[in-house]
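Numbers here are sequence positions counted from 1. All figures in this text were calculated on a predicted structure; none of them were measured in a lab. Atom set for the values below is all heavy atoms of this structure, side chains included, hydrogens, waters and symmetry mates excluded. One-based numbering, in listed order, for ligands and for the atoms of each.
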Amino acid sequence: MYITNDIRYIGVNDHKVDLFEGQYAVPNGMAYNSYLILDEKTAVMDTVDKNFTEEWIANIRRELDGKKLDYLVVQHMEPDHAGSIAAFLQEFENTTVVSSQKAFNMMKAFFGTEYAERRVVVGEGSTLELGKHTLTFVTAPMVHWPEVIVTYDSCDKVLFSADGFGKFGALDAEEEWEDEARRYYIGIVGKYGPQVQALLKKAAGLDIAAICPLHGPVLTENLGYYLNLYDTWSSYRPEEEGVVIAYTSVYGHTREAALLLAEKLQEKGCPAVKVYDLARSDMAAAVADAFRYSKLVLATTTYNADIFPFMKEFIHHLTERSYQKRTVGMIENGSWAPMAVKVMNKMLEGSKELTFTQNNVKILSALNDESRAQIEALASELA
Ligand code: FEO
């Protein structure tokens, strides 16, 4: 497949994977992208997951069409991209590996060798001349591992962005970019907002016609839209006004409160209301929406003098991704000693720029007039 006249897509679609990175549900599979640049010298950009080595090497051979393969550029060492390095270097015995020193250190750990006899170590601003195409390497530490480099081809104005601008989903799946890109970004890179901001600043100085990520489609149009979303996500600003209600419920009473709050918010004209039962929803989707919207209500039961496990996990996902700059309300339930609000406040005390609502809701087992009035007050405050 042609990306430009000289750049070919040689990646693969994975429809066998159930949980990407061992935790993210990917109902539409996953793409491991790889690209071949054809010039006086030839270069492959990254490898693929080791389950797809043969298919990928066949793609390379087809597009190479008998030409010599000069370079393998390794931008990122996570095994979804680096899993086929060793097999590739056995197959292409005269190809030189181009990567960062940190990546070569990881190759030693993964494969037992740093390929000292057949490598070029590159760093910030290093270049690789292929002929018409000059590749310039830009370090992107923690986007999403420390060894990551991204690569700019000034000839075709292409940014090879490693994990950046990727999404869940194989390339042959029909789905919108935004939701699965957000779930991917928040889940996988969300902790590293400042590092993504640093990379965006470097990218701002480049004339970019296409972004070639390691997952998801090549982006060629309306690039400002994608860059703006990445700026919003990595600066932790809410994307939209709206309320996410995340709840756990043992016998349905907390659920009833969450749904009543959702109904009240809708009645009051709240622009978006999303409700997640954390025990039954995709946790990564709930986390992504918590970052998407401006307000969040956490509704849970007191449990073993703590909070219900799914809520604990949810809040942990938020705090480890630097959840901030939003409004948070709480609903607690407890049959004899409700303390969920206290526990949740404690869990969020290190989070920056959170505004907590004046009106929280306390349920003693089941809703009554008093707790219904509290829900009304919380809805009014949030709407
Ligand atoms: Fe797609 Fe961080 O690997």
Side-chain angles (χ1 to χ4, degrees), residues 9-35 44-53 55-56 72-86 88 97 99-100 102-107 109-111 137-151 159-171 173 175 177 179-200 203 211-219 226 230 233-234 284 287-288 317 320-321:
Y9 182 82
I10 51 168
V12 297
N13 286 318
D14 183 354
H15 284 289
K16 293 183 191 143
V17 60
D18 57 347
L19 294 177
F20 180 67
E21 290 190 357
Q23 63 169 319
Y24 298 102
V26 281
N28 284 331
M30 201 67 199
Y32 311 122
N33 296 342
S34 173
Y35 305 91
V44 164
M45 303 298 295
D46 293 292
T47 83
V48 298
D49 183 280
K50 67 177 168 37
N51 292 321
F52 296 86
T53 307
E55 180 184 341
W56 170 67
L72 169 66
V73 177
V74 174
Q75 300 185 110
H76 183 17
M77 276 303 295
E78 195 165 6
D80 50 333
H81 312 295
S84 297
I85 290 175
F88 170 95
V97 197
S99 196
S100 65
K102 285 190 177 125
F104 284 114
N105 297 346
M106 290 181 179
M107 283 180 222
F110 275 112
F111 308 121
F137 301 105
V138 176
T139 56
M142 302 320 295
V143 188
H144 116 255
W145 278 15
E147 83 295 0
V148 170
I149 51 173
V150 301
T151 306
L159 177 67
F160 295 94
S161 58
D163 273 341
F165 302 95
K167 67 181 273 297
F168 295 128
L171 294 190
E175 63 185 7
W177 185 86
D179 283 350
E180 284 299 76
R182 182 189 302 103
R183 193 168 69 93
Y184 167 90
Y185 172 86
I186 299 295
I188 291 173
V189 195
K191 180 178 175 61
Y192 303 110
Q195 291 85 348
V196 174
Q197 283 280 304
L199 181 58
L200 289 174
I211 297 175
C212 290
L214 289 177
H215 304 288
V218 172
L219 306 173
Y226 303 102
Y230 256 62
W233 294 342
S234 59
V287 171
H317 281 301
E320 72 175 354
R321 289 167 179 76

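Within the protein, the number of N/O/S atoms found under 2.8 Å from atom 1 (Fe) of ligand 1 is 4.
Using a 30° and 60° split on the angle between ring planes, Trp177 and Tyr226 fall in the perpendicular class, above 60°.
Checking Trp56 against Thr47 by side-chain atom types alone, no donor-acceptor pair falls below 3.5 Å.
Every side-chain hydrogen bond (donor to acceptor under 3.5 Å, both in side chains) that Glu175 has, sequence neighbours left out, goes to Asn28, Lys167. For Glu320, the side chain to side chain contact (heavy atoms under 4.5 Å, CB included) partners two or more places apart in sequence, or in a different chain, are His316, His317. With sequence neighbours excluded, the residues that form a side-chain hydrogen bond (donor to acceptor under 3.5 Å, both in side chains) with Glu147 are His76.
Without hydrogens or angle criteria, Tyr35 side chain to Pro213 main chain gives a donor-acceptor distance under 3.5 Å.
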